[in-house]
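Values below: every heavy atom of this structure, side chains too, minus hydrogens, waters and symmetry copies. Each chain gets a letter, A, B and so on, in the order the sequences are listed, and its residues count up from 1. Note that the structure is a prediction, hence the values are computed from the model and not measured.
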Protein chains: 2
Amino acid sequence: MTEKDAGAPGLARLAGLIADETRAACLLALLDGRAWTAGELARHAGVAASTLSEHLGKLVAGGLLAEERQGRHRYVRLADDRVAQLVEDLAAQVAPDAAARRPRTLRASSAGSAMARGRTCYDHLAGRLGIAVTDALTGRGLLRQDTGFALTDAGLGWFDAAGIPLRPTGRRPLARACLDWTERRPHLAGVAGAALCRHALDAGWCVRIGSERAVKVTSAGERALSRLLDIGAAALR
Amino acid sequence: MTEKDAGAPGLARLAGLIADETRAACLLALLDGRAWTAGELARHAGVAASTLSEHLGKLVAGGLLAEERQGRHRYVRLADDRVAQLVEDLAAQVAPDAAARRPRTLRASSAGSAMARGRTCYDHLAGRLGIAVTDALTGRGLLRQDTGFALTDAGLGWFDAAGIPLRPTGRRPLARACLDWTERRPHLAGVAGAALCRHALDAGWCVRIGSERAVKVTSAGERALSRLLDIGAAALR
DNA sequence: CGCACGGTTCGGCGGGCACCGAAGTGTGGC
DNA sequence: GCCACACTTCGGTGCCCGCCGAACCGTGCG
């Protein structure tokens, strides 16, 4: 047995955690970056609370989820951005199938279109909103996508000028491409993507719709995006 | 049910393909970027040929492997670089466990150390060799890692001057970070990483050791790396 | 204090799937 | 044409695991 074989059991175990439909539904739901209670997830996934409790135990033990107990509630969220990226990458790999299918009901279609317009993807912006921002940054020479994916010096200046501080943390990259699964194109993730999303929500550029991942750009947000990045309102609809 | 639920079955199915230890061993073996026969994989994984045949059927049907039939042989390889990246990412997530464990036998230790010195990771260089090249590129301002991961204009010029053409293909990024699972640091992947690895093998900078993924830097390779990137021999040992 | 409620534990059930060996199919060599 | 060989197909077996309901535990509210 060569050395790499040692990785096979671990790889299979990790994949096995995601390989269950109920657990997969939980992970996708948690991609909104927030903490859910066990009960919410059970209802969301359509299984008994007892069943979901066992699933959460496995996901936490496997290091995919972090838990936080408050009173009689058990809150769980994705352990870190690495896990979020992993789930996102796996989902993107599947997306070609999903894109072929069209939503059936009007309600699902409407919810889907709101999600397609703009949403959060763990801690950064995605959907057409995320793409529009990423494209605008690229078009103005602030983000370089032709030889990889990195902010330029001008890009660092733009964040500074916009009053969005970029604090480098540990080993998380400042900028990273995240493949959007509705638009099928890369958008800005990493520290810069998270900071931008945070700022957009804090400054009221956009607001969450209900309790979903979908977000809506406000009129103040439209003005700010137009002023700072010359993004037209048409690109956001 | 919201629109994102549609992704859960697909996600679970994809993960399920990797969630079996035998299939995981196949995928890891195929990370060397070459095509293996069904028999080789069966022996490698330690299962009956019939068992492995079924596994290959699933992996091919799931789009993870591409097959090529030649006479009475069935060759399979990873379907594309996206799949390779996915497996690599999953393996990297598991690596913290593997790093804690030390190889037991001397033979495994020796094989492991050759792998750690230098190896191919799908179609680019990894191990200390890959890290040394990536660090050298970064140190000379040819590759930018501080604000993401992208070649600089000077970097494009270096590839051109070195006689390594970079043909942009479809949507595959020119430069991408791949997390090394022995060194725990990012190294150059993507079109540029593949071209560099290809050139290194073609120009005799390094040669494969036996039929393994491990590669050894030749004396001609040491001279070339020293001349082009000022990499000292010490960094390769 | 007692009830309601969120979460967990346990036993039991059922389905799915990885495995093997044996028989079958097709290719290539002698 | 025959045999060797690589791979595949087919039954059969056994294990693993996801599911539920029921009983249990702790928190918080009235």
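Rounding to whole angstrom units, CG of residue Leu17(B) and P of dG16(C) are separated by 17 Å. Separating the CG atom of Asp20(A) from the C1' atom of dC16(D) is a distance of 13 Å, rounded to the nearest angstrom. Atom CZ of Arg69(B) is separated from atom P of dC7(D) by 10 Å (rounded to the nearest Å). Between Glu40(A) atom CD and dC5(C) atom C1' the separation is 15 Å, expressed in whole Å. One interatomic measurement links the two molecules: CG of Leu52(B) to P of dC17(C), which rounds to 17 Å at whole-angstrom precision. For Glu67(A) and dG6(C), the CD to C1' distance is 14 Å, given to the nearest whole Å. Rounded to an integer number of Å, the gap from CG of Leu41(A) to P of dC19(D) is 13 Å.
For the pair Ser50(A) and Leu56(B), nearest-nucleotide mapping onto DNA chain D gives the more 5' position to Leu56(B). In terms of position on DNA chain C, the residue among Thr51(A) and His73(A) whose nearest nucleotide sits closer to the 5' end is His73(A). Residue Tyr75(B) is the one, among Tyr75(B) and Glu54(B), whose nearest nucleotide of DNA chain D lies closer to the 5' end (criterion: closest heavy atom).
Residue-to-nucleotide contacts include a donor-acceptor pair under 3.5 Å from the side chain of Arg72(A) to the base of dC5(C). You won't find any donor-acceptor pair under 3.5 Å spanning the side chain of Ser53(A) and the base of dG7(C), going by distance alone.
Side-chain N or O atoms of Thr120(A) include none that pairs as donor or acceptor with a backbone N or O of Asp123(A) at under 3.5 Å. At distances below 3.5 Å, not a single donor-acceptor pair connects side-chain atoms of Thr51(A) with backbone N or O atoms of Val47(A).
Residue Arg43(A) has no polar side-chain atom (N or O) positioned under 4.0 Å from OP1 or OP2 of dG6(C). The phosphate of dA18(C) (OP1 or OP2) has a side-chain N or O of Arg23(B) nearer than 4.0 angstrom. Distances shown here put every side-chain N or O of Arg74(B) at or beyond 4.0 Å from the OP1 or OP2 atom of dA6(D). Distances shown here put every side-chain N or O of Lys58(A) at or beyond 4.0 Å from the OP1 or OP2 atom of dC17(D). For the OP1/OP2 pair of dC19(D) and a distance below 4.0 Å, the side-chain nitrogens and oxygens of His55(A) include at least one atom meeting the criterion. For the pair Thr22(A) and dG18(D), the criterion of a side-chain N or O lying under 4.0 Å from OP1 or OP2 is not met.
A salt bridge does not link Asp80(B) to Arg82(B): none of the charged nitrogens lies less than 4.0 Å from a carboxylate oxygen.
Within 4.0 Å (heavy atoms only), Ala49(B) reaches at least one base atom of the nucleic acid. Contacts of Glu21(B) with the nucleic acid, taken as non-hydrogen atoms under 4.0 Å apart, are absent.
Closest to the side chain of Ala38(A), out of dG7(C), dG11(D), dG18(D), is dG7(C). Between dG7(C), dT9(D), dC19(D), one nucleotide has an atom nearer to the side chain of Thr37(A) than all others, and that is dG7(C).
One finds the CD atom of Glu40(A) at 3.5 Å from the OG1 atom of Thr37(A) (value rounded to the nearest 0.5 Å). With rounding to the nearest 0.5 Å, the separation of CH2 in Trp36(B) from CZ in Arg43(B) is 10.0 Å.
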Determine whether Arg23(A) and Glu21(A) satisfy the following criterion, salt bridge (charged side-chain N to carboxylate O under 4.0 Å, His left out), listing intermediate values before the conclusion. CA-CA 6 Å; Arg23(A) 286 195 294 266; Glu21(A) 197 166 318; over 6 Å; no
